[in-house]
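Structure, as structure tokens:
Per chain, numbering begins at 1; letters A, B, ... match sequence-line order.
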Amino acid sequence: MRTRLTDDEEAVRDVFAGFFGNESAIEVVRGAEPGGHDHDLWTKLVATGAPGMAVPAGAGGGGATLRDLAVVVDVWGSHLAPVPLVEHAVAARLLHTLDAPANLLDPVIAGDRIATVALRDPVDGSARLVPAGAVAEVVLARVGDDIVARESAPPGTGPRNTGDLPLADRDLRGAEVIGPARKWTRALDEWRALMAVAHVGLARAALRLGVDYVSTRIQFDVPIGTFQAVKHGLADASTRLEGAHLLAHRAVWALDTGRPDATRLAGMALLFSAETARFVTDRSLQYHGGYGFAEEYDIQLYHRRASSWLLQLGEPGLEYARLADAEFGPTDGRRIA
Amino acid sequence: MDFSFPPEVEEFRAEVREFLAEHLTDEMIDATHDGTIHAPALHAAMAERGWLAGPVPEELGGGGRGALASVVLNEELQLARAPIDAMAVSIVVASILLEHGSEHLKTTVVPRLLDGTALGCFGYTEPESGSDVAAARTRAVRDGDEWVINGAKMWTTLAHIADYVILLTRTDPDVAKHEGLTFFLVPLDTPGIEIRPVPTMAVERSNATFYDDVRITDEWRVGEVDGGWTVMKTALKYERGIAGGQFPSPPVIDAAVDWARTHQRADGSRPIDDPTVREKLMRALIDVEVCRGFAYHTAALAEDGVMFGVEGSMTKLFASERYKQHCRWFQDLMGVEGLLTHHNPDAHLGGRIEEHLRHSPVTTIYGGTSEISRNLIAEGHLGLPRAR
Ligand SMILES: Cc1cc2nc3c(=O)[nH]c(=O)nc-3n(C[C@H](O)[C@H](O)[C@H](O)COP(=O)(O)OP(=O)(O)OC[C@H]3O[C@@H](n4cnc5c(N)ncnc54)[C@H](O)[C@@H]3O)c2cc1C
């Protein structure tokens, strides 16, 4: 049992804290709005090997574990870095698992072509508001009993949205079948667990903004962090954050080591971490007072992403329903996929 | 990171489960309806296996089973609804004595606490001091080789069945409040002690205890004279580490699932098919997994020799606050049937959810209130300015 980062994981974290700290400062995040993608940053990230790091070395990846990738994703989330790391990494791992042809697989592992997963199944050949859909050249999706891949030029931009995410509709007609649908669940679980970790990173940074602000803002002649109402809100935020951190990394560990409860933990971790990120950003923004609502202050950037990331998967209510089906059996014989 | 337990701890978990299946009976659980959360036969059987000494560090003369095994024991006991308050308190008292007690206490009292033949209880809170525990006024005055104790304690839970109370007293009223405190272990059959019951809104009973010229010799002192605050910190450390409270919710959730599956509503539907009910059940189960993360983390830190601090407060805060919410949700789920108490033969599962709902308010109060936990987290962990 090791509930803290190992020395190796700490080394990974430090490297990427340095990378994102230098290359994805908050001005870069702002500069990438509203499209939510910075291609220069992606190119630099590719140079670190992160996009394909969790693909086996024999296939040209970095040979890292899902746990190592999660450490990077944690830092990525805390910087709101405008590059589609999670979707791409999940797609790369899925392509590798499916033994996809080299001309499809290799450029994705290398990061030369951005890939993504259509988290919600396409309808009549069209996938709606795909995460990273505005920038991905390769879109993977589940269609009936198959997993398909569609290679096509991305639109570059998509509709404006709360979190300034690179969402876009994608036409998947003519996509190539690359594997059986039963492998899809694992990819979604990986997305859930990694995004749970990303929410934890986001929440940690947002809590830091709140703590820093209330330690310096003076009202009634004292730092507002002296007031118990403020303290207690942040203490609750900190407690949930710690709980989310432990659950999210436990879910990643469970997937990484093939535990039987991995799917359950991944779903739970995502819901709890997303709720935590929303709670933490709500408290931090609140304790900024009016400035929290101002475009100029960074907390709003975190608040809007905390509102958005989970919804890329669909209605949270359906996620609870899915977990409940596995836990209690389907309702009245109906089953939610 | 690695959240797996070593094989010997997994084996120990299996052993605990087997033990509970054999020894923990419904009668034992129901016997707590007299207000005392203690099952003597279970306590004795656990002592016989060395499980009371298990959580006590080896270097202090305990079983040295390690923090991971302790958390597993705690988890299984709580999931099974075992009445273990007296056990948990006695282990904490033994641990305090091993860390700060005299040779006399270590050799005469500790073995009895750990072999199950004696029970301890906590005497910190007073009528006028609770959260501000260092404001205790119960006086201890030296008289030759003896100490004379006068005062009153409130909420001395288990005193009516315990053999010893670990008592926080004031030995110097003229210095800052944290600096004039001294601890004693007082045998509860010492002349001058009176124990009066304090009934509560739930099944549990507590006590008010009164000390009228109670005389004990210096060998019953615990820690330095006027060094009581150091002992208090040890006491709180062990209370948060050993005494459990990380898994209050599972028995309530189990009962709610059972109700949801078996109850038929007037329209013929079952609650288990209702999406709003399913979402609440899932939320509660997610909270339990969060508690598991906290519990395992705290244990893993202790096992690595990293003394946890704020983690204990976070665990207690989260687990107890969510537990209150779960009790509320699931009593509501049962509608008017949820109101029936254990006195009623046809109350669902013996009125379990009702009993938990009544019990739940105390969990965010005793052992340090939620507000005190939040203060500790905000000031100790987030570094926000102190108000006091
Ligand atoms: C059933 C039961 C069993 C117990 N068993 C024991 C036992 O065995 N031994 C023992 O010694 N004690 C025991 N206690 C006592 C328990 O530890 C205290 O009740 C608890 O510490 C709170 O103290 P208090 O009740 O005096 O409340 P107070 O300290 O008066 O608090 C009242 C309210 O004010 C809030 N408050 C107080 N100070 C602050 C602050 N600084 N910031 C913000 N809010 C604050 C509290 O959070 C609380 O909401 C027991 C209590 C109960 C109810």
What are the two closest non-hydrogen atoms of B:Ala378 and A:Ala235, and how far apart are they?
N-CB, 4.2 Å
Chain B shares the most heavy-atom pairs under 4.5 Å, among A:Arg259, A:Arg264, A:Arg208, with A:Arg264
Of the listed residues (A:Glu9, A:Met268, A:Arg2, A:His232), which shares the most heavy-atom pairs with chain B below a 4.5 Å separation?
A:His232
Part of A:Val214 within contact of chain B (heavy atom distance under 4.5 Å)
side chain
So do A:Lys231 and B:Arg374 actually touch side chain to side chain, heavy atoms under 4.5 Å?
no
Could you tell me which non-hydrogen atom of B:Asn375 sits nearest to which non-hydrogen atom of A:Gln228, and how far apart they are?
OD1-NE2, 3.0 Å
Bottom line for A:Glu242: the part with an atom under 4.5 Å from chain B's heavy atoms is both
Looking at B:Leu317, B:Ile377, B:Ile286, which has the largest count of heavy-atom pairs under 4.5 Å with chain A?
B:Ile286
Picking from A:Leu5, A:Asp236, A:Leu247, which has the most non-hydrogen pairs under 4.5 angstrom with chain B?
A:Asp236
Quick one: of A:Leu271, A:Thr226, A:Leu234, who has the most non-hydrogen atom pairs under 4.5 Å with chain B?
A:Thr226
Quick one: what part of A:Glu275 sits under 4.5 Å from any heavy atom of chain B, side chain, backbone, both or neither?
side chain
Where is the tightest heavy-atom contact between B:Leu384 and A:Ser215, given as atom of each residue plus distance?
CD2-OG, 3.6 Å
Distance-only, no hydrogens or angles: does the A:Arg67 side chain make a donor-acceptor pair with backbone N or O of B:Met1 under 3.5 Å?
yes
A side-chain contact here means heavy atoms from C-beta on lying under 4.5 Å apart; do A:Ser238 and B:Met314 qualify?
yes
Heavy-atom pair with the smallest gap, counting every atom of B:Ala300 and A:Met1
CB-CG, 3.5 Å
Could you tell me if the side chain of B:His297 sits less than 4.5 Å from the side chain of A:Arg4, heavy atoms only?
yes
How about B:Glu321 and A:Thr239: do any of their side-chain heavy atoms sit closer than 4.5 Å?
no
Note, A:Leu207 side chain near B:Leu382 side chain (heavy atom, < 4.5 Å):
yes
Considering all heavy atoms, the nearest A:Phe328-B:Arg261 contact:
O-NH1, 3.3 Å
Backbone of B:Glu289 reached by a side-chain donor or acceptor of A:Arg250 within 3.5 Å:
yes
